[in-house]
Amino acid sequence: MPLKAWLAAGVLALAVLALAQEGVDPREEAKRQKQLLLETAGILPTELIVEQGKELFNRKGPSGKTMAECDFGLGKGVLEGAAARLPRYFLDTNRVEDLDGRIVTCMTRVQGFKPEQVKRPEVVAVAFYIASFSTGKPIQVRLLFPQERELYALGEKLFYARSGSRDIGCATCHVTYVGRRAGVLPYADVLGKDKSWTHWPAYRYSNDQIWTMQDRIRACYGNIAHPQPDLYSLPILALELFLAYSNNGAVVEEWPAFVR
Ligand code: HEC
């Protein structure tokens with residue numbers, strides 16, 4: 001066999017190997033890791049964080065109030081299914097808020113914490129706790145208020161925008177390349193069948209971190225060599241509303257999720 005053919009065969013073999021590696025379904029692998037952890041530790045990190053979130057939820061702030069005094073969209077202290085309906089417009093703040101943002105509003109406006117006293121890990125833990133009340137619920141996000149429709153339009157624009165030296169954007173990976181490589185799950189179809197909205201908030205075993213959708217989107221901004229928008233910023237919120245709305249009807253398998 002001529003050298004060239006040998007080389008081609010070698011490259012092909014390597015490609016097949018890589019494909020086999022990638023062929024491991026990340027969702028199946030996450031299930032396996034979860035089971036493994038459960039068997040060895042007897043408890044999941046997600047459960048520990050939910051417990052921590054519950055304690056924070058019931059902790060009194062400087063105003064003497066707990067988070068049970070806050071409205072997460074379905075009335076004061078109602079948590080059942082509330083997270084599955086966020087982001088949404090809130091009259092009291094006159095803006096659209098997601099779970100993270102509404103928790104900050106609760107801590108500052110109702111509980112009396114100063115903005116600089118609000119710690120991110122605490123917000124995420126409370127998000128885990130509140131989200132846990134939406135397991136089994138369908139995503140139901142609406143565009144009733146003009147503020148919601150405007151933000152949705154911005155999110156859609158940002159999702160399809162392309163920028164940076166590589167001229168790519170969210171849609172490059174999450175729409176254009178979805179399912180391109182046969183038999184593999186290269187990138188999630190975040191607008192459709194992969195129900196990406198229901199995968200966050202989550203514990204990521206690959207880096208042992210707890211992330212909400214805000215953290216997930218910021219990490220993806222890193223992928224496009226674009227400066228990461230700040231947490232709680234408008235671009236993040238807009239993208240969240242766009243993604244959540246696109247995932248309407250998807251049933252939350254388990255919140256918080258356990259992912260790669
Ligand atoms: C260079 C390719 C690339 C670009 C560009 C990109 N992402 Fe991602 N994104 C990924 C990969 C890879 C994952 C992880 C998929 C997995 O683990 O299944 C991911 C995961 C996600 C997820 C979670 C999906 C799930 O089901 O858990 C969301 C949501 C997401 N990206 C949104 C965005 C948004 C919004 C943008 C634009 C700001 C963006 N991505 C840009 C590659 C990209």
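Order of appearance sets the numbers: ligands from 1, and atoms from 1 within every ligand. One-based numbering along the sequence shown.
- At least one heavy atom of W200 sits under 4.0 Å from some atom of ligand 1.
- No hydrogens or angles considered: a donor-acceptor pair under 3.5 Å links the side chains of T212 and R120.
- Heavy-atom contacts of I224 reach the following atoms of ligand 1: 5 (C) (cutoff under 4.0 Å).
- Heavy-atom proximity to C173, at under 4.0 Å, picks out these atoms of ligand 1: 1 (C), 2 (C), 3 (C), 4 (C), 5 (C), 43 (C).
- The distance from ligand 1 to the heavy atoms of M213 drops below 4.0 Å at these ligand atoms: 29 (C).
- Below 3.5 Å of separation, one finds an N or O of H199 facing an N or O of ligand 1.
- At a 4.0 Å cut-off, at least one heavy atom of R27 sits close enough to ligand 1 to count as contact.
- Between K195 and E253, no side-chain nitrogen of the basic residue sits less than 4.0 Å from a carboxylate oxygen of the acidic one, so the salt-bridge criterion is not met.
- Ion pair E122/R59 flagged as a salt bridge, since at least one NZ, NE, NH1 or NH2 atom sits closer than 4.0 Å to an Asp/Glu carboxylate oxygen.
- Residue G169 approaches ligand 1 through these ligand atoms, each under 4.0 Å from one of its heavy atoms: 5 (C).
- The shortest N/O to N/O separation between S196 and ligand 1 does not fall below 3.5 Å.
- Distances below 4.0 Å separate heavy atoms of R260 from the following atoms of ligand 1: 16 (C), 17 (O), 18 (O).
- Ring pair Y205/F258 is parallel by interplanar angle, where below 30° counts as parallel and above 60° as perpendicular.
- Atom 8 (Fe) of ligand 1 has C220 among its coordinating residues (N/O/S atom, backbone or side chain, under 2.8 Å).
- Ligand 1 places these atoms under 4.0 Å from at least one heavy atom of C170: 34 (C), 35 (C), 36 (C), 37 (C), 38 (C), 39 (C), 41 (C).
- Side chains of D98 and Q214: a donor on one and an acceptor on the other come within 3.5 Å.
- A salt bridge links E69 with K76; the closest basic N to acidic carboxylate O contact falls under 4.0 Å.
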Evaluation steps, salt bridge (charged side-chain N to carboxylate O under 4.0 Å, His left out), between E97 and R95: CA-CA 6 Å; E97 293 179 279; R95 57 168 194 246; 3.6 Å; yes
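- Within the coordination shell of atom 8 (Fe) of ligand 1, defined by N, O or S atoms under 2.8 Å, H174 is present.
- Close approach of ligand 1 to V190 is summarised as follows: ligand atoms under 4.0 Å from at least one heavy atom of the residue are 22 (C), 24 (C), 28 (C), 29 (C), 30 (C).
- Relative to the ring axis of W211, R204 places its NZ or CZ within 45° and under 6.0 Å from the centre.
- Between Y152 and Y245, the ring planes lie perpendicular to each other; the angle is over 60°, past the 30° to 60° tilted range.
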